[in-house]
Each structure stands twice: as structure tokens, then as C-alpha cells.
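Residue numbers run from 1 in the order of the sequence given. Values below: all heavy atoms of this structure, side chains included; hydrogens, waters and symmetry mates excluded.
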Amino acid sequence: MAGVGTAAVAAWVPCRSWGWASVSFGPHRGLSALLARKPQRAPRWLPAFRQKTLFSFLNRPDLPNLAYKRLKGKSPGIIFIPGYRSNMNGTKALAIEEFCKSLGHAYIRFDYSGVGSSDGNLQESTVGKWRKDVLSIIDDLAVGPQILVGASLGGWLMLHAAIARPEKVVALIGVATAADNIVTQFNQLPVELKKEVEMKGVWSVPSKYFEEGFDHIQYSFIKEAEHHCLLHSPIPVNCPVRLLHGMKDDIVPWHTSMQVADRVLSTDVDVILRKHSDHRMKEKADIQLLVYTIDDLIDKLSTIVN
């Protein structure tokens, strides 16, 4: 397995009925035990959760105002960090909100600057600016300890947030974590193509997730992202980390989650691979796995506190 030393892998636990396997990187209770323990807690609301349109704004004097939706409730709170150009009304964000309602836990979902209902210009957005957005949400809105759930690029940003706010971020859940991904993909291009992108100022990447079939990424976005790469050295994150990834992901290779698991300093790390899931991981079974993972971490953190 790329990026994982044999000494780091404590167990490989196949779960046939779910079509996924879990790699444990520390001496802790695994998710296989969780699923055996709580099958009755499968969220009954999954097929019917509703999209809410009411939201508030976080006003920032020198930065774009951020649109957000917040539920008040018990600690630890949950914050959902969206993927690249994704807004707070996606399937995973709404499903987690309903789950938090059912448990009475605090929850925040939001739009990055330049995305969705937030202020700002998407063309001027960078990984660094979105990192500041995440920290603003944590600093100005979140109360008490927080579990961060990051999707794709949000998984990259959640790592940065955990490094910057270790006293407040108590656990991480990455879904198709895209740490360094845009930079890694660009660096793998032939020299001639990289020079062409530099001259044109834009990289047009084929993508089924955009209507015209391409995602147009500014060269300046890629160059700025280089300053935020994490996989080249140990990642100073010591809280529990759960990394969910679909093996059919055609955007971010699942090996990236293995690299993240290998790089973080935490000894409490699980990588859960779903054999037939794609990058978005928004099918019913994917969402069930996600909320079970949140539930398990809430239990774990409550046990530690008590």
C-alpha cells in the first residue's frame, strides 16, 4: 500500500456486507465493532432529508462575509467543510445536519468566500483564503470542542485547521481527502503541458462534475496552493482521525488517504475504503457510514471526557 509502513498497520478488517475495509493505525476500538454494536441506529431519515434555505452571515470587516447555517446543541459540535467549489447544501452537509438534530449536537455548515451564498469572487479564491474562512468559522461561531468533517478539498483544509487550532479541534473525519491533490496532479503533467498552462494562465481539466465537461483552474490558484502542501513532512495532528474514501474515486486517488494516515502524528487513525464508491460518496450506504463514524467519535470523546 502506497505511503504506509508495515509497522503502522495494526489491522485490516474486511466488512463484506458494507463493501468496505478498515485499516487501523492505532490501539483503539475499530468501526467494525461499532457496526456490530449499533445496527439499530441506522438513520431512518436518510431518504427524505430536506434542503433548508434560511442562513445567516458571519460579518468580517476585512474579508468577505460568509453564509452559514448553525444548530445549537451539545458538545462536541460538528463543522462540515465543503469540497472545491461546493456549497453548504450538498447531500452530505444536509444529512449530517439531520443526524445532529436527532442527537441534539451543535452543527455548522457554511459556504466558502466566492462560493454559494457567501460574498467574494470565486476567481480570486485560493486555498489560503479558504483556510482563513474555516478558521473564521471555528473562531467566531463554534462553541467548545469541534469535530471537523471535510469533503475532498475540505479534508485538506480540516488538517490545516487542526494544526492551527489544536485546542478546539478534537477529531477529524475526511471524505475523499484531497490533501495536496491539485498540486500533485499538476506536477505529474508533462513539462510541455505545464508550460502551456503557465502561458495560458488556466488549466482545463476534464470533469464529469461540471456541465461543460471541464473544470477551469487558474494557474495562480495552483501556485498559491503549493504553499499549503502537507504530505512532504509529518503532519502535526494528534487528535483521532477517520478517513473515508471510495476506491472508484476518479478525482482523488484513495492512496492519498493512506498517505495522510501515514503522515499524521496521531496514533488513533482509521482509513475506511469503500470498494464501489466514487469521489462524492453520497449514496445511502456512504452517508450511513459517515454518520456512524461521527456517532462513534462522539461516543469516544464523551468517554474520554467522562
Side-chain angles (χ1 to χ4, degrees), residues 1-39 42 46 80-81 83-84 90-92 95-96 147-156 158-159 171-181 184-185 208-209 230-231 235 237 239-264 266-297 300:
M1 250 185 238
V4 180
T6 53
V9 181
W12 175 265
V13 186
C15 300
R16 293 182 185 177
S17 61
W18 281 71
W20 56 266
S22 169
V23 187
S24 300
F25 287 76
H28 61 282
R29 181 184 60 186
L31 279 168
S32 55
L34 165 72
L35 294 173
R37 181 168 55 90
K38 317 184 184 179
L46 278 172
F80 181 76
I81 308 175
Y84 173 69
T91 303
K92 292 184 288 293
I96 296 170
I147 298 173
L148 306 186
V149 182
S152 192
L153 182 135
W156 185 2
M158 78 178 183
L159 292 167
L172 300 177
I173 301 173
V175 182
T177 300
D180 302 8
N181 188 63
T184 301
Q185 287 191 350
K208 64 184 179 183
Y209 299 112
L230 294 171
L231 296 178
I235 302 173
V237 169
C239 63
V241 180
R242 304 291 179 262
L243 301 167
L244 319 183
H245 217 125
M247 297 180 76
K248 300 291 187 184
D249 192 329
D250 59 345
I251 305 296
V252 181
W254 58 266
H255 300 85
T256 302
S257 283
M258 304 299 289
Q259 289 179 287
V260 171
D262 192 37
R263 288 296 191 186
V264 295
S266 175
T267 58
D268 184 353
V269 181
D270 280 343
V271 177
I272 302 113
L273 302 176
R274 283 193 53 81
K275 185 173 182 179
H276 298 293
S277 296
D278 63 13
H279 181 65
R280 292 193 167 182
M281 290 194 73
K282 63 177 187 178
E283 298 303 318
K284 181 179 179 180
D286 297 324
I287 300 297
Q288 286 179 326
L289 176 59
L290 175 56
V291 296
Y292 276 138
T293 305
I294 295 170
D295 196 24
D296 187 45
L297 280 174
K300 182 184 186 69

Keeping N181 on the side-chain end and V252 on the backbone end, is there a donor-acceptor pair under 3.5 Å?
no

Got a donor-acceptor contact below 3.5 angstrom from the R263 side chain to the L231 backbone?
yes

To the closest 0.5 Å, what do you measure between [atom1] ([X]) and [atom2] ([Y])?
X: D250; Y: H279; atom1: CG; atom2: NE2; value: 8.5 Å
X: I287; Y: K284; atom1: CD1; atom2: NZ; value: 11.5 Å
X: D249; Y: S152; atom1: CG; atom2: OG; value: 7.5 Å
X: L243; Y: I173; atom1: CG; atom2: CD1; value: 10.0 Å
X: L289; Y: I272; atom1: CG; atom2: CD1; value: 6.0 Å
X: I294; Y: R242; atom1: CD1; atom2: CZ; value: 12.5 Å

Taking all non-hydrogen atoms of both residues into account, name the closest pair between [X] and [Y] and its distance.
X: G246; Y: W254; value: O-CB, 4.1 Å
X: C239; Y: S266; value: O-OG, 2.8 Å
X: G150; Y: M158; value: N-SD, 3.7 Å
X: T256; Y: A179; value: CG2-O, 3.8 Å
X: L297; Y: A171; value: CD1-CB, 4.0 Å
X: H245; Y: P253; value: CE1-O, 3.5 Å

Going by heavy atoms in the side chains, are [X] and [Y] under 4.5 Å from each other?
X: L290; Y: M281; answer: no
X: L159; Y: V264; answer: yes
X: D180; Y: L230; answer: yes

Counting heavy atoms not belonging to E283, are there more than 12 under 6.0 Å from its CD?
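Incorrect, the count does not exceed 12.
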
Applying side chain to side chain contact (heavy atoms under 4.5 Å, CB included) between L172 and each of V269, V260, L148, report the one that passes.
L148

Step by step, work out the side chain to side chain contact (heavy atoms under 4.5 Å, CB included) result for D286 and K92.
CA-CA 9 Å; D286 297 324; K92 292 184 288 293; over 6 Å; no

